[in-house]
Amino acid sequence: MVRYKECQKNHAARVGGHAVDGCRAFMPSGEEGTSSAFICAACGCHRNFHRREVEIEVASCELF
């Protein structure tokens with residue numbers, strides 16, 4: 001399962017600084033399968049600017 005967390009876009013990169021907007025989690029602007037699903041409704045940035053968190057499920061197996 002993949003989740004997109006806080007926005008990490010540096011809005012002050014052009015002037016040599018570092019400033020993020022404070023968006024805490026990605027919220028898609030549109031329905032899944034549309035191009036607007038990749039734009040965050042909270043901050044307006046593309047999903048790629050948000051920190052990606054992958055949850056890995058580990059299956060257990062029993063040895064006899």
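- Atoms NE2 and OG, from His46 and Ser35 in turn, are 9.0 Å apart once rounded to the nearest 0.5 Å.
- Within the structure, the ring pair (Phe, Tyr, Trp, His ring centres under 6.0 Å) test picks out no pair touching residues 1-24 (sequence neighbours left out).
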Report, one line per pair, each donor and acceptor closer than 3.5 Å where one atom sits in a side chain of residues 20-33; sequence neighbours left out.
from, atom 1, to, atom 2, distance (Å)
Asp21, OD1, Cys23, N, 2.9
Ser29, OG, Ile39, O, 2.9
Ser29, OG, Ala41, N, 3.3

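- Within the structure, the salt bridge (Lys or Arg N to Asp or Glu O under 4.0 Å) test picks out the following pairs touching residues 39-55 (sequence neighbours left out): Lys5-Glu53, Glu6-Arg51, Arg51-Glu53.
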